[in-house]
Amino acid sequence: MNHSKTLQNRKSVALLIETSNAYARGLLDGIIAYQREHDPWSIYVGEQGRGAQPPLWIKNWKGDGIIARIETDAIATVVRRTHLPVVDVSAARLVKNIPWVETDDREIARLAAQHLIERGFEKLAFCGEPQFNWSQWRQQHFTEMATEEGCEFFVFEGKSRFNNGYSWNAERRRLKKWVQNLPKPIGVMACYDFTGQQLLDVCRELEIAVPEQMAVIGVDNDVRLCRLCTPPLSSVIPDTHRTGYQAAQLLDQLMQESGESEECILVPPSGIAERQSSDVYALDDIDIVSALRFIRENACKGISVADVLKAVPLSRRMLEHRFQKLVRRTPHAEIIRIRMERACRLLRETDLSLAEITSRSGFANPDYFSVAFKNYMETTPRNYRKKNRLSRRN
């Protein structure tokens, strides 16, 4: 095989994606995974931060396609002038009529709302940054879900840092006043982890107990940032790997077919990383809180409702009644829910066999697990793994 000919036939692709945050690095990981499974590209990428000016080399670059986080007018202008196939991986939508691949903000908001409501919070709040579309969308969907559940709801709309006269000190004072005036206990969704970290700092300054008085959940699961928070921050996990993979797949199709597309692909999140900032149940019933914690810690060890009864001073009838009233599920349904969450995570994120996943999820045997999984998820474990998991080989 002629090596020089192979290099000549290789597509040249520019990645205008920042390397400064966990979300963008996850996109790059997904693009890398697609590359390893298909014909390799010649990649052009530079180190840049979010909102940075486009690299100088892109103006005269002669390539075949671009994957970009189009978040500034400058990058939008450069991308338009190339007249190349482009896939946008930003929610800003500064260039119309091109395909884009983004996280599913409705599902992100649903997971966050469900997480807080399941812990008994009847008062919810959202802390956003309205200069970003994704923050606005998450607020909208979170508000809808809180309203549907009959929750009392509050919103902090931060001022755009891009506005003239913006002052971080003034904005922090606004945030501090808002947090101080919120009714407690309350569950708060931060639009992303950085805002969550700011919330936790304010709570510490005001001596508001987290998670007892205020539970906080962010988005992005920026592991280092979440662990630096005090207490560590719970966070919705966007499937950035899959998002990057699908963006690469879509660009590959566009370059091969020399066509145009306005396709929109929304990728659902892969779950929640639960940490101390939301590790609480906002219930007045101490016995039910104890039962919930026992179930969460032991559901995947093969426990039954009989084991739960040994952990709390309640009769089965009283446990069932109070549990159903406060949690809106039976103790058995909660055990199954925790097990299914674990099973789904293992199917998505590991190569473990069905037998091993059965064991680690607390089910008796693979046959029973397969039937229970299909009834619960309306699909088989095999099909769920195929649909929700892409190759993550290093």
Side-chain angles (χ1 to χ4, degrees), residues 108-130 135 138-159 168-223 225-237 271-286 288-290 292-293 296 326-328:
I108 285 174
R110 185 190 66 79
L111 274 187
Q114 180 184 31
H115 179 76
L116 295 170
I117 290 168
E118 284 174 351
R119 278 148 185 76
F121 288 98
E122 296 179 349
K123 298 179 179 66
L124 298 180
F126 184 89
C127 188
E129 299 199 14
S135 179
R138 290 168 191 176
Q139 177 182 324
Q140 175 190 340
H141 298 313
F142 192 77
T143 303
E144 291 171 356
M145 291 161 194
T147 302
E148 288 174 4
E149 293 293 330
C151 296
E152 193 175 353
F153 191 70
F154 305 85
V155 175
F156 179 82
E157 294 186 351
K159 293 183 178 179
W168 162 237
N169 288 331
E171 193 66 4
R172 184 179 176 86
R173 287 193 294 270
R174 287 184 64 237
L175 179 62
K176 184 176 177 180
K177 183 176 180 181
W178 179 74
V179 168
Q180 197 165 26
N181 291 333
L182 286 173
K184 315 295 189 304
I186 192 166
V188 184
M189 177 185 179
C191 61
Y192 73 139
D193 289 339
F194 184 69
T195 300
Q197 183 259 330
Q198 293 172 337
L199 271 173
L200 293 177
D201 280 351
V202 167
C203 287
R204 187 169 63 250
E205 186 176 336
L206 293 172
E207 297 184 349
I208 293 172
V210 177
E212 290 78 11
Q213 292 179 284
M214 179 181 290
V216 180
I217 183 169
V219 182
D220 281 349
N221 194 35
D222 187 328
V223 175
L225 177 59
C226 290
R227 290 177 177 171
L228 283 170
C229 291
T230 305
L233 178 66
S234 295
S235 186
V236 180
I237 309 168
I272 290 178
E274 297 183 24
R275 300 186 180 91
Q276 190 179 339
S277 72
S278 64
D279 183 17
V280 68
Y281 289 96
L283 303 174
D284 294 329
D285 193 321
I286 296 175
I288 299 304
V289 170
S290 296
L292 282 163
R293 284 183 172 157
R296 186 178 60 189
L326 294 170
V327 186
R328 304 177 189 178

Run the side-chain donor-acceptor check on residues 145-154: report pairs under 3.5 Å with partners two or more places apart or on a different chain.
{"from": "Thr147", "atom 1": "OG1", "to": "Thr143", "atom 2": "O", "distance (Å)": "2.8"}
{"from": "Glu149", "atom 1": "OE1", "to": "Arg328", "atom 2": "NH1", "distance (Å)": "2.5"}

Report task. Answer yes if the side chains of His115 and Ser278 hold a donor-acceptor pair under 3.5 Å, and no otherwise. Result -> yes
Report task. Indicate the atoms forming the closest heavy-atom contact of Arg293 with Val280, along with that distance. Result -> NH2-CA, 3.9 Å
Query raised in the report: Counting heavy atoms not belonging to Arg204, are there more than 12 under 6.0 Å from its CZ?
Result: yes
Requested in this report: Might you point out which heavy atoms bring Ser135 and Phe126 nearest each other, and give the distance in Å?
Outcome: O-CZ, 3.6 Å
Query raised in the report: Is there a side-chain contact between Ile117 and Leu124, using heavy atoms and a 4.5 Å cut-off?
Result: yes
Would you list the atom pairs, donor with acceptor, under 3.5 Å between side chains in residues 175-190 and any protein atom, with sequence neighbours excluded?
{"from": "Lys176", "atom 1": "NZ", "to": "Glu205", "atom 2": "OE2", "distance (Å)": "2.8"}
{"from": "Trp178", "atom 1": "NE1", "to": "Val155", "atom 2": "O", "distance (Å)": "3.4"}
{"from": "Asn181", "atom 1": "ND2", "to": "Lys177", "atom 2": "O", "distance (Å)": "3.2"}
{"from": "Lys184", "atom 1": "NZ", "to": "Val179", "atom 2": "O", "distance (Å)": "3.0"}
{"from": "Lys184", "atom 1": "NZ", "to": "Leu182", "atom 2": "O", "distance (Å)": "2.6"}

Query - Arg173: partners by salt bridge (Lys or Arg N to Asp or Glu O under 4.0 Å), with sequence neighbours left out - result: none
Query raised in the report: After noting the C-alpha distance and the side-chain angles of Phe142 and Leu116, does the key distance pass the side chain to side chain contact (heavy atoms under 4.5 Å, CB included) rule?
Result: CA-CA 11 Å; Phe142 192 77; Leu116 295 170; 4.1 Å; yes
Query raised in the report: For the atom pair SG (Cys191) and CD1 (Ile108), what is the distance rounded to the nearest 0.5 Å?
Result: 11.0 Å
Query - Spatial distance of atom CZ (Arg138) from atom OH (Tyr192) [nearest 0.5 Å] - result: 10.5 Å
Query - Rounded distance (nearest 0.5 Å) linking atom CD1 of Ile272 with atom CG of Asn221 - result: 10.5 Å
**Report entry** Over all atoms of both residues, closest heavy-atom pair of Arg275 and Leu233
**Finding:** NH1-O, 2.9 Å
Query raised in the report: According to the ring pair (Phe, Tyr, Trp, His ring centres under 6.0 Å) rule, which pairs have a member within residues 200-221, sequence neighbours left out?
Result: none
Query raised in the report: Which distance, rounded to the nearest 0.5 Å, do you find between the CG of Leu199 and the SG of Cys203?
Result: 6.0 Å
List the atom pairs, donor and acceptor, that lie under 3.5 Å between side-chain atoms in residues 208-218 and the rest of the protein, sequence neighbours left out.
{"from": "Gln213", "atom 1": "OE1", "to": "Ala209", "atom 2": "N", "distance (Å)": "2.7"}

Requested in this report: Taking atom CD of Glu171 as the centre, report whether more than 12 heavy atoms of other residues, nucleotides or ligands fall under 6.0 Å from it.
Outcome: yes
Query raised in the report: Can a donor-acceptor pair be found between the side chains of Gln197 and Asp193 at a distance below 3.5 Å?
Result: no
Report summary line: Contacts of Glu274 meeting salt bridge (Lys or Arg N to Asp or Glu O under 4.0 Å) (sequence neighbours excluded), chain-then-number -> Arg119
Report summary line: The reported gap from CD1 in Ile237 to CG in Asp222 (rounded to nearest 0.5 angstrom) is 12.0 Å
